[in-house]
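One structure below.
Bear in mind the structure is a predicted one, so any value in this text is a computation, not a measurement. These values consider heavy atoms only, across backbone and side chains, with no hydrogens, waters or symmetry-generated copies.
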Amino acid sequence: MIVQEEAATAESAQWAPDARGRVAELNTVRARALAGPGPKATEAQHAKGKLTVRERIALLLDEGSFQEVEPLRRHRATGFGLEDKRPYTDGVVTGWGTVYGRTVFVYAHDFRIFGGALGEAHAQKIHKIMDMAIAAGAPLVSLNDGAGARIQEGVTALAGYGGIFQRNTKASGVIPQISVMLGPCAGGAAYSPALTDFVFMVRETSQMFITGPDVVKAVTGEQISQNGLGGADVHAETSGVAHFAYDDEETCLAEVRYLLSLLPANNQERPPAAPTADSPDRTNDALLDLVPTDGNRPYDVRRVVEELLDEGEFLEVHERWAPNIICALGRLDGQVVGVVANQPLFLAGVLDIKASEKAARFVQLCDAFNIPIVTLLDVPGFLPGVEQEHGGIIRHGAKLLYAYCNATVPRISLILRKAYGGAYIVMDSQSIGADLTYAWPANEIAVMGAEGAANVIFRRQIAESADPDAARARLVKEYKAELMHPYFAAERGLVDDVIDPAETRRVLIRSLAMLATKHAELPLRKHGNPPQ
């Protein structure tokens, strides 16, 4: 580890006799604290393609806004060589600043000092800044680049992690928590990011795993690299641990700033509105061509989302994990909304285990932070199969159902084409509490598709017919005409209106404006017991 030189004035009993002398001594100590462990350590950090801790904070926060807390903190551990290594900051920089003028708290590991490892003083600094963020009601961003618990400090280091986890849980749903992975994160340290609302990762330089490649090889015989085991692409696409993955730190931190611009400071506020030149009365004529009326033809629902939202801008969450459902944050008439949409390009937009989990957590996030939810339905059902059933699709699908039923924010659902079976109910149907439900003229809402329904209901007639194919075709047509026509649900009050696709943006904006003063309360309880 790099040993930071001690400031002579800080160790000496010979203090300057006057105020100006004391200020000079202070400036010397502060300069050494800000300089960090020295140029060689900085060069080593840059050689890995990584920025230093203060370079990262400068990119995250508005220029000149950072106010550091406890920059002169040092550990008090003795033994195992630590008595001669007492660098300022103790390997973590903490404080607050602003992002687009709004207060944000931050703690950032300094890998150049003890490899960013967490010790007692290090942990206490993090605990303090987390407590300050909760008390102030402002977002907390952690810039993670640490080697885990400081072995030389033993159990006190482990206890430090426990204090972080407890505060992560206390802050959950109260203030936004964002974890930015900019280096290694192994063992118990990985659980703090997992408890936060969003996890950002940088390719090649950041990894997360409970046990590293060496342990995996020793226990299972499997050989794998750090990135192959827990790199950004693995967690963004396979495990779902990371919500976002980027090629470099600069882009990553810029996207963190963008995300913060879409979130409220805390659960007592609404997300910040933003002026827009995109007219609330803009029609969506392009939607007539974007979405085929044939329910079996795929299309990219992202293009529908782009057409509806202000300037076509949105931030997609978990873009590469469970791509059969889209979760995104954007704006309608300047107001932040969360969008959940089935994606017919992948698995025909069915709900499976991963898609249910992804959408459920996003709905919970939106509800926690007062973000209205717009749900776009084009869902043929749940994915069938032994793997899904044995994997607990009932339990996981219930997570999405629970999340919607529990949400008290304004909720609008729109059926674009088909909405079949239990998947229709789960995707915020009117029967589970959607405030308003609209449908396009091509909608088909039913227990199942017409062919499957006809095969069940008219099985005997089809089998006894002289021409089974012709009989099946006739009965399918009759079933569609009677029970699946575009106005069937509207006639029974299960859809509030069937609208022209070109009017969708205008209808959504007017509906959300009406629902802005919605007030809903859940029954008095300590907390629910959602399906796990």
Looking at V350, is its backbone amide N or carbonyl O close enough to the side chain of N324 to form a donor-acceptor pair, meaning the two atoms are under 3.5 Å apart? yes
Least distance between heavy atoms, V301 atom then A341 atom: CG2-CB, 3.9 Å
Sequence neighbours left out, what passes side chain to side chain donor-acceptor pair (under 3.5 Å) with N370? Give chain and number order. none
Got a sec, which residues hit side chain to side chain donor-acceptor pair (under 3.5 Å) with E311, two or more places apart in sequence or on another chain? T276
Checking R22 now: which residues fulfil side chain to side chain donor-acceptor pair (under 3.5 Å) with it, not counting sequence neighbours? none
Checking the side chain of S65 only, and the main-chain atoms of T98 only, is there a donor and an acceptor separated by less than 3.5 Å? yes
Consider only side-chain N and O atoms of D367 and N406, and report whether a donor and an acceptor are under 3.5 Å apart. no
In this structure, are over 12 heavy atoms from other groups packed under 6.0 Å from Y100 atom OH? yes
Pairing residues for T238 by the side chain to side chain donor-acceptor pair (under 3.5 Å) criterion, not counting sequence neighbours: none
Kindly say whether A189 contributes a backbone atom to a donor-acceptor pair with the side chain of S192 at under 3.5 angstrom? no
Please list all pairs meeting ring pair (Phe, Tyr, Trp, His ring centres under 6.0 Å) that have one or both residues in residues 241-279, counting only residues at least two apart or in different chains. F198-H243, F200-F244, H243-H318
For D428 and V340, run side chain to side chain contact (heavy atoms under 4.5 Å, CB included): C-alpha distance rounded to whole Å, both residues' side-chain angles, the deciding distance at 0.1 Å, then the answer. CA-CA 10 Å; D428 206 19; V340 179; over 6 Å; no
Once side chain to side chain donor-acceptor pair (under 3.5 Å) is applied, what residue pairs with a partner in residues 46-56 remain, sequence neighbours excluded? H46-E55, K50-D145, T52-E55, R54-E68, R56-D145, R56-E249
Should the pair F165 and Y161 be assigned to parallel (<30°), tilted (30 to 60°) or perpendicular (>60°) ring geometry? parallel
